Each structure stands twice: as C-alpha cells, then as structure tokens.
Amino acid sequence: MGHPIRQTPKGDAPSARRGGRRGGHRGVRGGHHPYANASSSTAGTQSTMSTVAALTRPTLDAERLPARADVMDVKRLYSTTAGEEPQTFGSLGKTLDPTLLQALDKMGFEYMSPVQQKVLTQLPTLTSDCLVQAKTGTGKTAAFLLPSIQNLLQGNAPPRGKVGILVICPTRELALQIAKEADGITACLPRKMECHTAFGGTARASNLSKFLNGNPTILVATPGRLNDLLGEENVREKFSHIKTVVLDEADRMLDQGFAPDIHKVLRNIPSKQTDGWQGMCFSATLPEKVNDVVKCVLYPGYTSLSTIDGNEAPTIDRVPQYSVIVPSMTQMFTTLQALIETEYQQNPQDFKAIVFGTTANGVALLYDVYKKALPRFRMYELHSRMNQNARTRTTNEFKAATSGILFASDVVGRGMDFPNVGLVIQLGLPSAAEQYIHRVGRTARAGKDGRAVTVLYSNEAFFVHTNPSLPIKPYPEDLSSKAAQYQSVINEAFTQVEDESKAKAYSAFLGYNKTFAKKLQLSLPNLVAVANEYSRTMGCPEPPLIEKRTIGKMGLKGVPGLNIGSRREN
Ligand SMILES: Nc1ncnc2c1ncn2[C@@H]1O[C@H](COP(=O)(O)OP(=O)(O)OP(=O)(O)O)[C@@H](O)[C@H]1O
C-alpha cells in the first residue's frame with residue numbers, strides 16, 4: 001500500500017471540563033492531559049489559530065465534518081423490542097466529558113445506540129479490554145472512540161506529539177470515515193486533538209513529515225502503510241505512550257490476509273504485556289475462530305459484549321433479503337438490468353443503490369456496460385484498480401448523493417457509511433457469509449430502511465442453502481421474461497465497451513471462480529466453459545486472450561477452452 005498520513009484540521013470549542021476522573025484498571029500512565037486543562041488564555045490562542053487553519057483549508061474541513069443524524073429515526077431505531085426508549089448520552093452523568101457531550105449534540109447524537117450504551121455502561125472501566133459485536137450500521141465507531149478518547153481526557157493523555165489511540169482498519173475509505181467521526185467527537189475540546197490517517201495510495205514523504213512534525217494524538221491506519229511507517233525509528237518513538245489499540249472489523253484484521261501485518265505492527269509498538277495498553281476489537285461478525293486470535297490484543301478475561309442474540313444472523317432485521325437464481329451466465333447481465341428496473345419502479349424516489357461485484361475488473365466492466373444500458377441513472381464506480389484520488393472523490397460524491405448507483409468491489413464492503421442507500425445488490429458468489437452480511441449492512445443504516453438482493457447463477461445457488469441462518473428468500477417476482485426484453489439493450493451496450501475491459505473482467509472471473517471451483521461443483525474444463533459463456537455474453541466472438549503465465553498462476557495450465565496468447569502483441 002502506498003500513502004498518507006494526513007493531518008486533520010478542525011475547529012476548537014469554548015468550554016472545557018477541568019480535571020476529570022482518572023481511569024484505568026491497570027498500569028495506564030497518568031499525568032497532565034493537554035485537552036481538558038487549557039487555561040482561558042491558552043484556549044483563546046488555540047481557538048484563534050484553529051480558526052485561521054479552518055479558514056485556510058475550507059474544503060478539507062467540510063469534507064471531514066460529520067453529517068447530523070436524524071434524531072427521530074434514531075430514537076425509534078435504538079428503542080428495545082420491548083418498547084423501552086433508548087437512554088440519552090446526557091443520562092450518563094460524568095462518564096463522558098461535557099465537551100464530548102456537546103460535540104455529540106452537535107452531531108445530532110442524542111440517544112445512545114445499543115452498542116454504545118453497552119460499552120459505556122457495562123465495561124468494568126472505560127479502559128477495559130473488550131471484544132464487541134453489534135449489527136452493521138449501529139454506531140460501533142463512536143462506541144470505540146468515545147471510551148478511548150474519554151480515557152485521554154481524564155488524565156491519561158500522551159505527551160504532546162505522541163500517539164494515544166491507534167485505530168487499525170482494513171481500507172483507506174474506512175480510515176478516512178473513522179477519522180471524520182473522531183474529528184466530530186473531539187470538535188468541542190478547548191484544545192485541538194489531532195487525528196491523522198495513514199494508508200496506501202498517495203504521497204508518502206510529505207505525509208510522513210506531517211505526522212512526524214504534528215501532534216497525532218489519534219492515528220487511524222491501514223496495516224500495510226502503518227507497517228511501512230513503523231520501519232522508521234522516529235515513527236516508532238511516536239507510539240511510546242500508546243493507551244488504546246482498536247481493531248475495527250476485527251475478524252477481517254485477524255484473518256489470514258491481514259494477521260501477519262497486525263502481528264508485525266504489534267512487534268513495533270510497546271508490548272501489551274509490559275505497557276498495559278487497552279485493546280478493543282469490534283465487528284458485526286465475530287466467527288468462533290476469532291476467539292483464538294484476539295489474544296494478541298486482548299488480555300485473558302477481557303469483556304465480551306454483544307447486542308446480537310445467540311443464533312440470530314447479524315444482519316439488520318429491517319432488511320428483506322432475496323436471491324435471484326439465474327439458470328446460466330448468459331442471463332446474468334439482462335437479469336441485473338431487469339432487477340434494477342423493477343426495484344426502481346417500486347421505489348423511484350431517491351433511488352440509491354450499491355451493486356457489489358466479485359472482482360475489481362468485474363466491477364469496472366459492470367460500470368462500463370450499465371453506464372450505457374441504464375443512462376437514466378447517475379453511475380459511480382469504486383474498486384482497487386482506481387487511483388486513490390478517484391476513490392476518495394467517488395466516496396465523497398456517493399456519500400453526498402441523494403440517488404444513483406454505485407458499482408463497487410469489497411473496498412467498501414465493510415464499515416462504509418453511505419447515507420440512505422436503499423438497496424444492495426450482490427452479483428456473483430459472496431466469498432463467505434461474513435462478506436455477505438457486511439455488504440447487506442451498507443443499507444438500512446441509522447434507522448433507514450433497505451432491501452438486499454443477491455443474484456447468483458445456478459452453480460452458485462448453494463450459497464443460500466449452505467447458510468440457512470441467513471434470512472434469504474426467493475425474489476418475489478420471476479424476472480426471466482422481463483430480462484429477455486433487455487437482451488438487445490445489453491448487446492448494444494456491450495458494443496460500446498472496450499475489448500480490454502472485457503478481457504480483464506474475463507481473466508478476473510476465471511481467477512475468482514477457480515478458488516471456488518470445488519464448491520461450485522465445476523471441473524476445470526467446465527469452469528472455463530462457464531467463463532467462455534460469460535465472454536460470449538459480453539459480445540466477444542472468441543474467448544479473450546490470456547497469457548500463459550497468468551494461466552499458470554491460476555492453476556489452469558493445460559485446461560481446454562482457453563485462448564492462450566498476449567493481448568499486448570495484438
Ligand atoms: N448515537 C447515534 N445517534 C445518531 N446517529 C448515530 C449514532 N451513532 C452512530 N450514528 C450514525 O449511524 C451511522 C452508522 O454508524 P457506524 O458507521 O459507526 O456503524 P457501524 O456499526 O460501525 O457499522 P459497520 O458494521 O458497517 O461498520 C453513521 O452515520 C453514524 O454517524
């Protein structure tokens with residue numbers, strides 16, 4: 001990964017709580033904290049400086065200001081099924097600093113969500129280690145930021161220039177989103193608490209220098225760039241007074257893909273055993289196996305909190321979930337078109353949807369074709385083949401959009417909060433139930449309603465049967481005849497899509513499905529036959545060329561039906 005450590009500008013606010021409680025049940029360093037005790041003259045100076053900073057960086061400030069929540073919806077949402085009203089943050093008494101309460105009020109956070117209430121009232125202390133599970137979109141971000149920030153405010157702030165809270169999360173987009181929420185929560189402190197981000201994709205040097213020369217009390221980072229930076233001695237020194245380490249999307253951060261990176265990070269910051277920092281792990285999905293691996297950040301005896309009943313699927317109850325099973329690859333694109341049209345006709349007002357594809361190149365192709373086939377919608381694409389600027393721009397645009405369709409890969413499958421998405425479509429086999437659940441969670445957030453539809457071809461249909469706890473029902477309408485009517489529209493759209501885009505999608509399709517060939521009950525020649533059917537559906541007269549080396553890497557050497565050759569020479 002490549003990219004920035006970015007400094008967060010934000011405004012300062014008037015009042016401060018003096019002194020404050022001292023927390024910590026084990027060896028947390030105490031000491032003066034710079035946020036709650038600013039004298040009025042210091043606070044005044046800071047305030048003026050921040051105002052200047054804010055004025056000179058208006059765009060950045062606007063980008064990072066959290067939107068106000070819809071209080072009425074949230075009150076209904078956070079009520080218990082027994083009809084009990086949720087508690088307000090104000091009812092917590094002295095648990096939270098008045099400046100944090102003031103900021104929450106500004107953000108429109110009046111009532112605690114169930115996970116926030118559990119964390120703030122049921123943890124033995126705000127610095128206790130915890131493993132926390134709560135459904136998607138129910139406010140886990142504030143649930144880990146509030147106690148960790150409060151801890152700094154009650155006498156445990158690190159010295160100036162040092163990192164106090166490290167949040168590690170899987171994607172760049174999520175890092176920015178978490179940082180924005182941290183900015184919101186700390187917006188009313190008398191003295192600015194800087195939140196920096198570190199993630200791949202943009203200039204390293206300038207951002208590193210901002211981090212080193214700044215005062216990054218909070219750092220939100222993705223593991224790759226964080227490790228890259230931790231290779232530098234002066235960066236490691238910044239972590240000498242770390243108080244809290246949060247793993248957001250903990251099951252993802254500790255799975256095979258990320259775990260080595262996390263372990264490397266942990267080797268480069270003070271040891272938990274000797275330093276006693278607080279560990280917090282949060283996710284909507286915490287499969288059993290996570291319990292074996294969380295010990296790298298949590299002490300034995302850590303507190304487990306969950307807002308999900310034992311056998312319940314961690315998807316939001318308000319989301320009706322459907323599957324559409326398509327008999328063959330040839331109907332995939334027409335069925336998606338019919339589905340979008342049908343859903344739109346049912347809910348035309350502010351139609352805002354996300355369509356997840358299985359691979360980045362597959363998503364790019366979907367975007368290319370539906371831009372032509374569904375011109376009435378504003379289309380967006382978001383995947384790892386785009387540069388970071390384009391990714392950030394699209395993220396911000398789609399967050400702000402009242403309607404439109406985002407074609408996305410899993411870079412935004414977890415954690416991302418796109419307000420008012422009313423429909424999530426998944427096209428192709430989700431790699432695991434957890435991935436399915438997180439994608440569904442991009443809708444019905446913060447009290448809003450939503451629907452989710454998964455479109456699978458027949459060999460992929462096992463996904464529904466092998467995950468019986470997921471409340472997926474057959475789609476209430478047979479879309480086949482409607483789909484057939486869109487054949488010419490799709491064919492025409494494909495004539496306008498570049499061959500290169502088709503070839504990349506074809507290759508990605510082969511690579512992705514090869515890893516699931518057994519589950520799909522496809523022999524390798526049959527897998528290639530399905531991929532070739534996919535390419536014919538895209539209007540390719542013959543299967544796109546695929547390099548010998550790529551075939552070898554995919555483990556498809558010698559499999560009949562492939563068109564071996566180099567696209568570059570042609
Ligand atoms: N107490 C609250 N009152 C009003 N809105 C809230 C409250 N807490 C969180 N929100 C809003 O709810 C939305 C979802 O919150 P958040 O992104 O933290 O959910 P999450 O549980 O982390 O979701 P995911 O599992 O997808 O990561 C955000 O827009 C957030 O600003």
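Note that ligands are numbered from 1 as they come in the structure, with each ligand's atoms numbered from 1 the same way. Nothing here was measured: the structure is a model prediction, and the numbers come from that model.
Between the choices Lys140, Lys399, His438, the shortest heavy-atom distance to atom 20 (P) of ligand 1 belongs to Lys140. By heavy-atom distance, the residue among Phe418, Phe109, Tyr111, Phe282 lying nearest atom 9 (C) of ligand 1 is Phe109.
Across Gln133 and Thr285, no two heavy atoms sit closer than the pair NE2-CA, 3.8 Å.
Using cut-offs of 30° and 60° for the angle between ring planes, the Phe351 and Phe377 rings count as tilted.
With a 4.0 Å heavy-atom cut-off, ligand 1 is reached by the side chain of Arg442 but not by its N, CA, C or O. If you look at Thr141 next to ligand 1, the close heavy atoms, those under 4.0 Å, come from the backbone and the side chain alike.
Near Phe89, meaning under 4.0 Å from one of its heavy atoms, ligand 1 places the atoms 1 (N). For ligand 1 and Arg445, the ligand atoms under 4.0 Å from any heavy atom of the residue are 14 (C), 16 (P), 17 (O), 19 (O), 20 (P), 23 (O), 24 (P), 26 (O). Close contacts between ligand 1 and Glu249 involve ligand atoms 27 (O) [criterion: under 4.0 Å to a heavy atom]. Those atoms of ligand 1 with a heavy atom of Lys135 less than 4.0 angstrom away are 21 (O). Residue Glu181 has at least one heavy-atom neighbour below 4.0 Å for each of these atoms of ligand 1: 31 (O). Residue-ligand proximity, Gly137 to ligand 1, at heavy-atom distances under 4.0 Å covers atoms 14 (C), 19 (O), 20 (P), 21 (O), 23 (O), 24 (P), 25 (O), 26 (O). Within ligand 1, the atoms closer than 4.0 Å to a non-hydrogen atom of Asp417 are 13 (C), 14 (C), 28 (C), 29 (O), numbered from 1 in the order shown. Close contacts between ligand 1 and Gln116 involve ligand atoms 1 (N), 2 (C), 7 (C), 8 (N), 9 (C) [criterion: under 4.0 Å to a heavy atom].
Here's the thing with Gly139: one of its N/O atoms is less than 3.5 angstrom from an N/O atom of ligand 1.
In this structure, the side chain of Thr394 does not engage the main chain of Arg391 through any donor-acceptor pair within 3.5 Å. Between the side chain of Thr125 and the backbone N or O of Thr127 there is at least one donor-acceptor pair closer than 3.5 Å. Side chain of Arg445 to backbone of Phe418: no donor-acceptor contact under 3.5 angstrom is found.
No more than 12 heavy-atom neighbours from other residues, nucleotides or ligands sit within 6.0 angstrom of NZ on Lys264.
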Please lay out, stage by stage, how Glu343 and Tyr475 fare under the test side-chain hydrogen bond (donor to acceptor under 3.5 Å, both in side chains). CA-CA 11 Å; Glu343 288 286 321; Tyr475 194 69; 2.6 Å; yes
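Within the cation-pi definition used here (under 6.0 Å to the ring centroid, within 45° of the axis), Lys352 qualifies as a partner of Phe398. A cation-pi geometry, defined here as NZ or CZ lying under 6.0 Å from the six-membered ring centre and within 45° of its normal, does not hold between Lys519 and Phe462.
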